[in-house]
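All remarks here apply to the structure that follows.
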Amino acid sequence: MAVAFITHPDCARHDMGPHHPECPQRLSAIEDQLIASGVGQYLARYDAPLAREEELARVHPLEYVRAIHDAAPHSGTVHLDPDTAMNPYTLQAALRAAGAAVLGVDLVMRGEAESAFCSVRPPGHHACRARPMGFCIFNNVAIAARHALAVHGIERVAIVDFDVHHGNGTEDIFAGDEHVLMVSTFQHPFYPYSGTENPAPNMYNVPLAAGAGSQAFRNAVLEAWLPALERFRPQLVLFSAGFDAHDEDDMAMLRLRDADYGWVTEQVKAIADRHAQRRIVSVLEGGYALSALGRSVVQHVKVLAGLNG
Ligand SMILES: [Zn+2]
């Protein structure tokens, strides 16, 4: 059964201005490396639908969803926070990004795909219930998790976040929710300076110091994530797949390599194989060094597709 690759041209029309690292070229860098590696031909491509209001409303208050609609400009750019802006295409892109994650869940839950990768922007994991933040507007992974719980009748969803930044929005939404387990690694102390003070019991946060590399990351996965995931027995696994902890990414100071993304995917996939009928939906978060981003996504998707030998 194929891996679904879900994206939409609208996601490349969202543009926060020249020199913004969260740029449209991120998606073409991923497409380029999928072609260059030959992995792209094994993926089943889907157009991301627009998320519906009821899907967004499982995570975000309707007043917030409507405020985002109202903020969308007809021309030019408006800033939602110092890092996060909307152009005339952003609303569509944000609805497609959340819609992609929902479609990914539907495909794997219905057995139409074994797993799915959503190549979308804007990213989502800093978006809180009622607050855009850090390039994020809607929390795509959270919307996917709530959709799976509400529509597909499962009770345990795991969220695996290896972005270099702590997924404070996802934690804000799910802290204390017994149906969701979140495991994460992130550089600390670093933006958004959260994730270390008394996290809820369903949050397994492993802060890593600037300069930490493959070994520290792999130890965190082996010692903290995997035992927690094994005990939780997730029925669906979601990745908040940010690739900005890569050594070549100057957004932050962790030093992961391409191979670490394949390795962590293998480790988590073994959990999904055992407990979740192999169901994995991965949603793009950060990753700003274009070549490293494309190569690292290939390592990740290659393992999802079982092409890693
Ligand atoms: Zn990030």
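Quick note: residue numbers are just sequence positions, from 1. As the structure lists them, so they are numbered: ligands from 1, and atoms in each ligand from 1.
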(message) With respect to the Zn ion (ligand 1), please indicate if H125 possesses an N, O or S atom at a distance under 2.8 Å.
(response) no

(request) Can you sort out the partners of R13 under side-chain hydrogen bond (donor to acceptor under 3.5 Å, both in side chains), two or more places apart, ordered by chain and number? (result) D10

(message) Test ring-ring contact (aromatic ring centres under 6.0 Å, His included) on H147 and H152; report intermediate values, then the result.
(response) CA-CA 7 Å; H147 179 75; H152 293 284; 5.5 Å; yes

(request) Specify which N/O/S atom of D244 comes nearest to the Zn ion (ligand 1), by atom name. (result) OD2

(message) My understanding is that only residues two or more places apart in sequence, or in another chain, count here; which of them pass side-chain hydrogen bond (donor to acceptor under 3.5 Å, both in side chains) with D250?
(response) none

(message) I need the ND1(H165)-the Zn ion (ligand 1)-OD2(D163) angle, rounded to 10 degrees.
(response) 150°

(request) Look at E285 and state whether any of its N, O or S atoms is less than 2.8 Å from the Zn ion (ligand 1). (result) no

(message) Assess, by modelled atom type and distance only, whether the side chains of H126 and E285 contain a donor and an acceptor separated by less than 3.5 Å.
(response) no

